[in-house]
**Q** 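Can you read through this structure? Questions will come right after.
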Amino acid sequence: MYEHAKKIYAKYGVDTEKALNVLKDIPVSLHCWQGDDVLGFEGSKGLSGGIQTTGNYLGKATNPTELFADMEKVLSLVPGKKKINVHACYGIFDGEVVDRDKIEPKHFEKWVEFAKKHNAGLDFNPTFFSHPKANGLTLSSPDEEIRSFWVRHGQACVRISEYFARETGIPCVMNIWTGDGLKDIPADRKGPRDRYAKSIDEILSIPYDKNLVKPCVESKVFGIGVESYTVGSAEFSLTYAATRNILPLMDNGHYHPTEMVSDKISSLLTFFPEIALHVTRPVRWDSDHVVLFDDETKEIAKEIVRNGAHRVYIALDYFDASINRISAWTIGARNMQKALLNALLEPTNELVKLQNENDFTKLLYLQEELKTLPFGAVWEEYLKRENVLSSNWFEEVEKYENSVLKLR
Ligand code: RNT
Ligand code: ZN
């Protein structure tokens, strides 16, 4: 089937071998937080800060051993090059109580060990939510004690990010997202934004190697309980990143539903050397459903590939607690890989030529023809070469659910 598919793609000027070779080296960062509904290892029972999971599927990981085991299962079922995306609330403290402003590289040694074992890089995220000091504003708080606490947390995270990069030899993307905002109409919109900018400046004022740590700011439109005002809005975050020479991070659940991140990527890449993405699936709002092999994910992948995948740090960000979490992880990660393969199998030069020659009839014709080429055969070949199960991967998860998850 693959040999046949290869010939068909060749007719369109597409080299499937080249596509497969490029694909296996595009890193996708797997978010550790799909495994336990973003709870982490600090004993937290619920989420706060404008994000939420729904569902109560059996067998959620409740400690590092379980989360590592689950993630290992996912890693074995997903082809391609992976990074592991860790949140600060996933530090491993062995009974010690360590507040967020006191975390150190040593609390993340086991993550380094895990990443090395799987030949993966590491990314990191300060956790500005689910904490007694995150009941309202954090980095933008008018309460200096609270604001400086979170600045210290951010600085601790810069040190941990650098440690991750040094240990793995792969740069660490450190993403700053806070749920800071207000439920109702603010009296002062500027004050919190001034303080937010000042706080991120302070976090990034400590010395770190810019080749090793890639700080990002993630914008958002609104969150639950934070409907009227978000401090880190799109304009704030983009301008902050541009003026500080750091990366903007776009999460495709963080815009109004008719806005498309696939259209924004090229705008940002016109000015930023590198950007970062959180790929998710918003259903009517930032619902964080499992990523599908759907039109927008395909279009995002095309923009990544067309503009140079090395300029875009791809991370997944969704959390569905209503279905088997390992399947949720695997389905989303495989779909991101599928979307990238689909993009790599596009005869881009030919399509661009048609656009530039104003031949929009033929462009539309070709775009539609491409949709039914034997993509599946190339995907199967990729799985085979990556030594990853085909569609029968699901049986593996069923076995794991029966023998491991059900016993938790
Ligand atoms: C929340 C943001 C953020 C989080 C993670 C857990 O809306 O998307 O990226 O999902 O930090
Ligand atoms: Zn996100």
Side-chain angles (χ1 to χ4, degrees), residues 28-42 44 46-54 61 67 83-91 100 122-131 134 138-139 150 153-154 157 160-161 172-181 200 214-227 229-234 236-238 241 247-257 259 261 264 275-291 296-297 300 312-321 325 328-329 332 336:
V28 174
S29 197
L30 261 192
H31 54 318
C32 77
W33 53 92
Q34 162 59 43
D36 71 338
D37 315 340
V38 210
L39 289 178
F41 301 144
E42 300 168 331
S44 141
L47 265 173
S48 76
I51 51 173
Q52 183 170 316
T53 51
T54 49
L67 191 68
K83 290 182 90 181
I84 312 277
N85 208 354
V86 183
H87 238 289
C89 58
Y90 289 81
R100 298 251 177 103
L122 282 161
D123 293 322
F124 201 50
N125 307 261
T127 311
F128 298 105
F129 51 85
S130 305
H131 185 278
T138 62
L139 288 176
W150 289 112
H153 174 60
C157 290
I160 294 162
S161 299
C172 174
V173 173
M174 190 192 97
N175 178 46
I176 296 176
W177 172 75
T178 72
D180 286 21
I200 312 175
K214 306 274 178 175
C216 304
V217 270
E218 178 180 13
S219 69
K220 190 160 171 169
V221 62
F222 82 99
I224 295 195
V226 185
E227 288 86 357
Y229 168 72
T230 295
V231 184
S233 63
F236 174 92
S237 305
L238 203 51
L247 282 69
L249 184 147
M250 293 191 290
D251 178 311
N252 62 306
H254 290 192
Y255 297 85
H256 288 282
E259 281 185 83
V261 160
K264 298 176 190 293
I275 64 166
L277 295 180
H278 272 179
V279 181
T280 186
R281 176 165 54 108
V283 178
R284 301 186 190 281
W285 72 292
D286 185 27
S287 61
D288 285 302
H289 279 65
V290 177
V291 168
E296 177 58 0
T297 311
I300 287 175
V312 184
Y313 293 96
I314 309 167
L316 300 172
D317 181 16
Y318 54 83
F319 20 94
D320 193 336
R325 293 174 185 80
W329 241 336
M336 187 69 233

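Atoms within a ligand are numbered from 1 in the order they appear, just like the ligands themselves.
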**Q** Determine whether the side chain, the backbone, both or neither of N125 has a heavy atom under 4.0 Å from any heavy atom of ligand 1.
**A**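 Neither; no heavy atom under 4.0 Å.
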**Q** Any chance the side chains of N85 and N125 put a donor and an acceptor closer than 3.5 Å?
**A**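 Result is yes, a qualifying pair exists.
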**Q** Closest non-hydrogen protein atom to atom 5 (C) of ligand 1, residue and atom name please, with distance?
**A**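 For atom 5 (C) of ligand 1, the nearest protein heavy atom is H87 NE2, 3.5 Å.
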**Q** Hey, does H254 sit under 4.0 Å from ligand 1 if you only count heavy atoms?
**A**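 In this structure, H254 qualifies as a contact of ligand 1 - some heavy atom is under 4.0 Å.
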**Q** Taking only heavy atoms of I51, which atoms of ligand 1 are found under 4.0 Å from at least one of them?
**A**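 Atoms satisfying the 4.0 Å criterion: 1 (C), 7 (O).
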**Q** Would you call R325 and D37 a salt bridge, using N to O less than 4.0 angstrom?
**A**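 So R325 pairs with D37 through a salt bridge.
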**Q** Among the N, O or S atoms that E218 has, which is closest to the Zn ion (ligand 2)?
**A**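 For E218, the N, O or S atom at the smallest distance from the Zn ion (ligand 2) is OE2.
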**Q** Give the name of the N/O/S atom in D317 that lies closest to the Zn ion (ligand 2).
**A**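 Of all N, O or S atoms in D317, the Zn ion (ligand 2) lies closest to OD2.
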**Q** Taking only heavy atoms of H278, which atoms of ligand 1 are found under 4.0 Å from at least one of them?
**A**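 Heavy-atom distances to H278 below 4.0 Å select 9 (O).
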**Q** Could you tell me if the ring centre of W33 sits under 6.0 Å from that of Y90?
**A**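 For W33 and Y90, the ring centres are not under 6.0 Å apart.
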**Q** Atom 7 (O) of ligand 1: which protein heavy atom is closest, and how many Å away?
**A**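 The closest heavy atom on the protein side is K220 NZ, 2.7 Å.
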**Q** Is the contact between E218 and ligand 1 made by the side chain, the backbone, both, or neither, using heavy atoms and a 4.0 Å cut-off?
**A**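 It is the side chain that touches ligand 1; the backbone stays farther off.
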**Q** With a 4.5 Å cut-off on side-chain heavy atoms, are F129 and V38 touching?
**A**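 They are in side-chain contact.
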**Q** Under 4.0 Å from a heavy atom of D251: give me the atoms of ligand 1 that qualify, with their elements.
**A**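 Within the 4.0 Å cut-off of D251, ligand 1 contributes 8 (O).
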**Q** Any atoms of ligand 1 less than 4.0 Å from a non-hydrogen atom of D286? List them with their elements.
**A**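 Reading through ligand 1 atom by atom, the close ones are 7 (O).
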**Q** Considering only N, O or S atoms, which atom of D251 is nearest to the Zn ion (ligand 2)?
**A**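 The Zn ion (ligand 2) is closest to the D251 atom OD2, counting only N, O or S.
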**Q** Mind checking whether W150 and H131 have parallel, tilted or perpendicular rings, split at 30° and 60°?
**A**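 Ring orientation of W150 relative to H131: perpendicular.
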**Q** Tell me if a side-chain donor or acceptor on H278 pairs with a main-chain N or O of L249 at a distance below 3.5 Å.
**A**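 Looks like no, no N/O pair under 3.5 Å.
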**Q** With a 3.5 Å distance limit and no angle check, can you tell me whether Q34 reaches the backbone of H31 through a side-chain donor-acceptor pair?
**A**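 Checked: no pair found.
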**Q** Among protein heavy atoms, which lies nearest atom 10 (O) of ligand 1, and at what distance?
**A**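 Protein heavy atom with the smallest distance to atom 10 (O) of ligand 1: D317 OD2, 2.8 Å.
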**Q** Kindly indicate, with the supporting measurements, whether the criterion side chain to side chain donor-acceptor pair (under 3.5 Å) is fulfilled by T280 and D317.
**A** CA-CA 5 Å; T280 186; D317 181 16; 5.9 Å; no
**Q** Do M174 and P126 have side-chain heavy atoms sitting under 4.5 Å apart?
**A**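 Yes, their side chains come closer than 4.5 Å.
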**Q** Give a yes or no on whether the backbone of G181 and the side-chain of T230 come within a donor-acceptor separation of less than 3.5 Å.
**A**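 No, T230 side chain to G181 backbone: no donor-acceptor pair under 3.5 Å.
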**Q** Need the atom name: nearest N/O/S atom of H278 to the Zn ion (ligand 2).
**A**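 In H278, the heteroatom (N, O or S) nearest the Zn ion (ligand 2) is ND1.
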**Q** At a 4.0 Å threshold, what atoms of ligand 1 neighbour a non-hydrogen atom of F319?
**A**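 Taking each heavy atom of F319 in turn, ligand 1 has 10 (O) under 4.0 Å.
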**Q** Just wondering, is there an N, O or S atom on H254 that's nearer than 2.8 Å to the Zn ion (ligand 2)?
**A**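 H254 does not place any N, O or S atom closer than 2.8 Å to the Zn ion (ligand 2).
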